[in-house]
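Every chain is numbered from 1 and lettered A, B, ... according to where its sequence line falls, protein lines coming before strand lines. Note that these values count all heavy atoms, side chains included, but never hydrogens, waters or copies made by symmetry.
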Amino acid sequence: MNAKGIEKLVAEAVENLRRRGALTTDTTPVVGRTKSEEHGDFTTNFAMIAAKLERKKPRDIAALLAAELSGHADIETAEVAGPGFVNLRVRGDAWVRGMDEALTAGESFGRLPPTGNAPINVEFVSANPTGPLHVGHGRGAVVGDALVRLLRAAGREVSAEYYWNDRGRQVRELGRSVWIRLHESLHGKLPPIEDENWYRGDYVKDLARDAASDARFAPETSASATSGPLAALAALGPDEPRFVEYGCDRMKASIIATLARLRVAFQHQTSERSIAATIEPFFSDLEARDLAYRDAGALFLRVEGREGEDKDRVVRKSDGEWTYFATDLLYHANKLDRGFGRLINIWGADHHGYIPRMHAGLAALGRDPKALEVLLVQMVNLTAGGQPVKMSKRSGDFVTLDELVDEVGVDATRYVFLTRRHDSQLDFDIELAKKKSLDNPVFYAQYGHARLCAILRRGAELLDTRRVPEPLRPLLAEGLGRTSGGAIIPPGALGLPEERKLARTLLALPDHVAEAAEALEPHRIVYFVQELSQAFQRYYTERWKRHADPVLPPARLDQPALAAWDWERTAARLRWIRAIRAAVRGALDIAGVQAPERMDRSDEGEREDEA
RNA sequence: GCGCCCGUAGCACAAUCGGAUAGUGCAGCGGAUUUCUAAUCCGCUGGUUGCAGGUUCGAGUCCUGCCGGGCGCACCA
């Protein structure tokens, strides 16, 4: 029972009207959730959209549709409102049925059936294997991974992919940097270096230190009894290609390990080196077809005038080296050749100028530029209690992703990265993300789940300690989900407006999944968790504090009071709470954030200022 | 100079292919409560959606022009 379901129902009604000749349009209706309670549960603007083609007044069409819909078994009321909306209110027992579906789906609630479309390739992170990932990469990683999970939940077939720039100048610099550090540890000082391009982070020292034990240097190290392995390696000189390979392999492994920690995984990794292997014939073919040409010793691809590009672009420099643009282009073509219908890329926002060039390049190749969709992820500013944390890249002194995860944990890292749309800047408050209090949104969401679990645990305890009157035990067992159909919980037992509203909220998860996948905006799932958690917390507190109507009987009740308790209502609410929990779990699963059964209260308690 | 992204409450952000009265958190002020995990909840304050036009039944959303912020315009990556 969600907007998609209602949409089908409205479409049927429209079809009926058409068959009877009351309407002629073939406009497909769109149904949305209402913002305001008084407008019912769902609304459609079909009448206003169709009005022009029908050449009728919107309200007249709306009246026809409303009359048709009000006959349906699931519809309580169908009313014409405003300029021509049809507002629908769904019957209470239809909500209860909807929750049964959610409970049957359990952990996988929110997942949509497969669309059967061509698979989607999502390429993200793809940071050069020349150093550890930093915080900005982390955001791209989490957004990309959540997007992959989201698209899968929405029934798409998705492959997550990492592209390694393991060729070209950047990695040559890494190889040279390894040599520089070898030289340093051998001679106690850096060799004379005429430029600033080498990588001077501490991780390179580690690479240099471990190089001697790497198998690919065995010929040198084993034959170096007198001078020592370090000297043997240093003698290879700064341009030794094995330094590059070695450095890349080590960095790749380290980057993948960091991402795995963050629960980010890839189905496929592509190496630029392997792409470059076929680049010669590819571009000479283009040259033969006059899609590329030589000028001043360089090879240019004809992209001028396409996708807003104002000049042709170099694919091979006059020094003979292929540009990254050339291999990137070939790589995207390669992905299309592998059968992907859509190529989604996640880039740092500073690369946005590259998008038109990529599109133009694809167009020049005769490919559909629209197949490549680029999501730009904006900057992350780290703060601690409102104060900016310095992230100077100078001398390799910047905050790595590993350090961030060490500091605040995987769940908080992921959650915070998903609290903003990808294209807006993000302030990441490290202090807040660590706090075990409710102004920390991660904590709030996880606590909400733990609380749902606590209620169900207590319900189970009541049953197991036999404090529930004998004849009513099957009912409670049903509410707790221990049986299915073992007892009938009357739909009317869950009749409060708040309960109905919350049912509507939780059953909207499949709609949110569909919409978020369509928009490529995983952050919406996090908003859903927040909304649902908050709605339940409000309900839970209000029921008890304001209405003296708790979900479970208070602990102090004696046996006669328990006998008089309304167990039917309790069973209905427990079932409903399980449905809420299924929705929270389903949503957190898409975000890749854990849903803990309990929060340990132990540490951190109070230790404010003691001054 | 040209191009791209963003301007929504004091701060940080939402807003379902253009839908009805623009929401949520934090901060501020006031309150509930002695329990089912209070690690809770409620109320109040706060807005000309940067500005000016346009498109239409209807605009935070689309178009044009300004203003402000960020970024990009290499035979760099």
With no angle test and no hydrogens, is the base of rG19(B) tied to the side chain of N45(A) by a donor-acceptor pair under 3.5 Å?
yes

Which one is paired to rG47(B), where only Watson-Crick or G-U wobble pairs with both distances under 3.5 angstrom count?
none

State whether K35(A) places a side-chain N or O below 4.0 Å from either non-bridging phosphate oxygen (OP1 or OP2) of rG19(B).
no

Could you check whether K4(A) gets within reach of a base, just the sugar-phosphate, or nothing at all, counting any heavy atom under 4.0 Å?
nothing

OP1 or OP2 of rC75(B) versus the side-chain N and O atoms of R313(A): is any pair under 4.0 Å?
no

I'd like to check, for Y324(A), whether its ring lies over the base of rA77(B) with centroids under 5.5 Å apart and a plane angle smaller than 30°.
no

How would you label the contact of A296(A) with the nucleic acid (heavy atoms, under 4.0 Å): base, sugar-phosphate, or nothing?
base

rC13(B) P sits how many Å from F428(A) CZ, rounded?
14 Å

Under the side chain to side chain contact (heavy atoms under 4.5 Å, CB included) test against M251(A), which residue among D166(A), L174(A), L133(A) passes?
L174(A)

rA15(B) OP1/OP2 closer than 4.0 Å to side-chain N/O of H523(A)
yes

Please determine if a side-chain N or O atom of Y444(A) lies less than 4.0 Å away from the OP1 or OP2 oxygen of rC41(B).
yes

Check whether the side chain of S318(A) and the base of rC75(B) form a donor-acceptor pair under 3.5 Å.
yes

Between rC13(B) and rG18(B), how far apart are the two C1' atoms, rounded to whole Å?
22 Å

Ignoring backbone atoms, establish whether Q534(A) has a side-chain N or O less than 4.0 Å from OP1 or OP2 of rG25(B).
yes

Measure distances between side-chain N and O atoms of N128(A) and base N and O atoms of rA77(B), and say whether any donor-acceptor pair falls under 3.5 Å.
no

Look through every strand shown and name the nucleotide pairing with rA9(B) as Watson-Crick or G-U wobble, where both distances are under 3.5 Å.
none

What orientation do Y331(A) and Y163(A) show, parallel under 30°, tilted 30 to 60°, or perpendicular over 60°?
parallel

Whole-angstrom distance between rG25(B) and rC42(B), as gauged at atom C1':
16 Å

Can you tell me if R139(A) and Q378(A) form a side-chain donor-acceptor pair at under 3.5 Å?
no

Between P of rC11(B) and CG of L432(A), the distance in whole Å
18 Å

Taking atom types as they are modelled, would you say the side chain of T43(A) forms a donor-acceptor pair with the base of rA20(B) within the 3.5 Å cutoff?
yes

Determine the sole option in R313(A), R306(A), K311(A) for which the salt bridge (Lys or Arg N to Asp or Glu O under 4.0 Å) test with E309(A) is passed.
R313(A)

With rounding to the closest Å, how many angstrom separate the C1' atoms on rG68(B) and rC57(B)?
34 Å

Under 4.0 Å between any heavy atoms, over every strand shown, what does N440(A) touch: base, sugar-phosphate, or nothing? Just pick one.
nothing

For rU16(B), give its Watson-Crick or G-U wobble partner with both distances under 3.5 Å, or none.
none

Nearest-nucleotide pick for Q537(A), side chain only, options being rC41(B), rG72(B), rA77(B)
rC41(B)

rC76(B) phosphate, OP1 or OP2, under 4.0 Å from K317(A) side-chain N/O:
yes

With both distances under 3.5 Å as the test, what is the Watson-Crick or G-U wobble partner of rC41(B)?
rG31(B)

Between the base of rG19(B) and the ring of F85(A) - centre-to-centre under 5.5 Å, planes within under 30° - is that a stack?
no

Watson-Crick or G-U wobble mate for rC73(B), both contacts under 3.5 Å
rG1(B)

Say we look at rU16(B) and rC11(B): how far apart would their C1' atoms be, to the nearest angstrom?
27 Å

P atom, rU21(B) versus rC2(B): distance in rounded Å?
40 Å

Can you check whether R357(A) has a side-chain N or O nearer than 4.0 Å to OP1 or OP2 of rA74(B)?
no

Stacking check H39(A) vs rA20(B) (5.5 Å / 30 deg)
yes

State whether the distance check finds a donor on one side and an acceptor on the other, under 3.5 Å, for side chain H352(A) versus base rC5(B).
no

Is a donor from one side chain sitting under 3.5 angstrom from an acceptor on the other, for R598(A) and Y447(A)?
no

Think K545(A) has a side-chain N or O under 4.0 angstrom from the OP1 or OP2 of rU34(B)?
yes

